[in-house]
2 protein chains.
Amino acid sequence: MTIAGTGGRPVNAQAGAALKAAALHLIREKGYENVSIAAIASKAGVARQTLYNRWNTKADLVLDAVFEATHNFAAEPVRTESKSGPLLLEEFLTNVFVHLNVDGDILRALIAAAQQDATFQTAFYDSFVQPREKMITALLSEAQARNELSPDRNPEMLSNFIHGAFWYRLLNRKTLDTAFAKEITDEVFRPHADVR
Amino acid sequence: MTIAGTGGRPVNAQAGAALKAAALHLIREKGYENVSIAAIASKAGVARQTLYNRWNTKADLVLDAVFEATHNFAAEPVRTESKSGPLLLEEFLTNVFVHLNVDGDILRALIAAAQQDATFQTAFYDSFVQPREKMITALLSEAQARNELSPDRNPEMLSNFIHGAFWYRLLNRKTLDTAFAKEITDEVFRPHADVR
DNA sequence: TTGATTATTGGACATCAGTCTAATAATAGC
DNA sequence: GCTATTATTAGACTGATGTCCAATAATCAA
């Protein structure tokens, strides 16, 4: 443990921003696998070590970059008196799918990286996956409170199903469109028999 | 295009078997990411090029090896007069989860490899993913024919949901146990209101 | 201005995947 | 036995990741 001394050369914030921008630009152009760390550093006009000073792996950098660039995607759906649970879910999923049709390849690469690097896995889960899981869980719980969903159903489990449904399609490169958003919604909010 | 001539040194079948065995052994011991292709070839007592003569990547080799070693896992469920659709599904999922609790790390690595290599992705999907998807689709279609499932539900979509549910948990390293198999089954076969 | 401290840089280094090549080995047909 | 053919082997080579290091640059405190 070193005690932080005073002074010292300050971190160059521009370098970090340039690295994120370079990474996103190159990866959207050539694809995640075809962009080397050296290429990103070079395009950012920065030494390779500077990148490693900030992130452990390419995945950590890209997670940061894509998170920053798309924080408005898959945002908390805006609740309104007039919007029903099914409508909110369908809109949310449609938004997510729009994002995935743009950056789906990057997300597939990040999911892959998470399988190969336990440290990145928890970072990815905590900062990206888990929050979105909770958004849908909350949405479903509220729908349950409004009696749009049977009280004996488990919002967490349903959120698991919902995310699984489109992860599976994303990872197997099947289409994610509005029709699929509707199918998921219909399945979740399918009219059910009264319990006993 | 070369026309296959007669003669020539025959392929050494033992080399292929030794490579598959070495790969499985090393990977189960050290983990997929910690085993190099050179180490597999070395353990098999074979030149590295011999491995490349048979498979394009480590993933292709391991897919072959794990497929061969576990073809009895996730096998077609045995139908019986007395077994209901829910029971068949729950048993099937329980079997799959037993397998995943043994070789889940390998499958996560293969799913990751599929995201990084389009050629492997189709090989993996065609030989491994798709057949299992169809098993569950068939199981659900039969249940539908026996009126255990409403005719307005879509077995293919449900199979997508089911696989997604446990892929999602597998990829996020959450537990896959008998309780989860039951939860999936209950959700799929949940009593529904009559249509209209 | 000087000294301590921290960031950045450029380069070396080990390891790995994947491609390629020349030499050698094992077969079939003659 | 001889030739054509194909598989195997050992090794070289390129490009990539990740680690390490010494030199230099930029700041604070005195």
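All chains are named by letter (A, B, ...) in the order of the sequence lines, taking the proteins before the strands, and each is independently numbered beginning at 1. Note that the structure is predicted; figures quoted are calculated from it, not measured.
Using a cutoff of 4.0 Å between basic side-chain nitrogens and carboxylate oxygens, B:Arg190 and A:Asp152 are scored as salt-bridged. Comment: A:Asp117 does not engage A:Lys58 in a salt bridge, judged by the lack of any side-chain N to carboxylate O separation of less than 4.0 angstrom. B:Asp103 and B:Arg28 are joined by a salt bridge, as a carboxylate oxygen and a charged side-chain nitrogen come within less than 4.0 angstrom of each other. Salt-bridge check for A:Arg169 with B:Glu133: failed, with every basic side-chain N at 4.0 Å or more from each acidic carboxylate O.
The interatomic distance linking B:Leu51 (CG) with C:dT19 (P) rounds to 12 Å, in whole Å. Rounded to whole angstrom, the span from the CG atom of B:Asp117 across to the P atom of C:dA17 amounts to 14 Å. Between the CD atom of B:Gln14 and the P atom of C:dA26 there is a distance of 13 Å, given to the nearest Å. As rounded to whole Å, 10 Å separates atom P of C:dA17 from atom CD of B:Glu33. Here D:dC20 presents its P atom at 13 Å from CG of A:Asn56, a figure rounded to the nearest Å. Atom CZ of B:Arg54 and atom C1' of D:dA7 are 8 Å apart (whole Å). One can place CD1 of B:Ile40 at 14 Å from C1' of C:dG18, the figure rounded to the nearest angstrom. Following rounding to the nearest Å, B:Trp55 (CH2) and D:dT8 (P) show an atom-to-atom distance of 11 Å.
For A:Phe166 and A:Phe180, the gap between ring centers reaches or exceeds 6.0 Å. For an aromatic pair to be called close, the ring centres must be under 6.0 Å apart, and B:Tyr168 with A:Tyr168 fails this.
Of the candidates D:dT8, C:dT8, D:dG18, D:dG18 carries the atom nearest the A:Tyr52 side chain, counting heavy atoms from C-beta on. With C:dA7, D:dG18, D:dA7 as the candidates, the nucleotide lying closest to the side chain of B:Val11 is D:dA7.
A cation-pi arrangement, defined by a distance under 6.0 Å to the six-membered ring centre and an angle within 45 degrees of its axis, is present between A:Arg132 and A:Phe128.
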Below 3.5 Å between N/O atoms, which protein atoms pair up with nucleotides 28-30 of chain C? Just atom names and distances, please.
| residue | atom | partner | partner atom | Å |
| --- | --- | --- | --- | --- |
| C:dA28 | O4' | B:Gly7 | N | 3.4 |

Check: protein-nucleotides 9-11 of chain C nitrogen or oxygen pairs below 3.5 Å:
| residue | atom | partner | partner atom | Å |
| --- | --- | --- | --- | --- |
| C:dT9 | OP2 | A:Ala47 | N | 3.0 |
| C:dT9 | OP2 | A:Thr50 | OG1 | 2.5 |

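A side chain to side chain donor-acceptor pair (under 3.5 Å) check over residues 31-43 of chain B, counting only residues at least two apart or in different chains, returns the pairs B:His25-B:Lys43.
For the 3.5 Å distance criterion, the side chains of A:Thr57 and A:Asp60 qualify, holding a donor opposite an acceptor.
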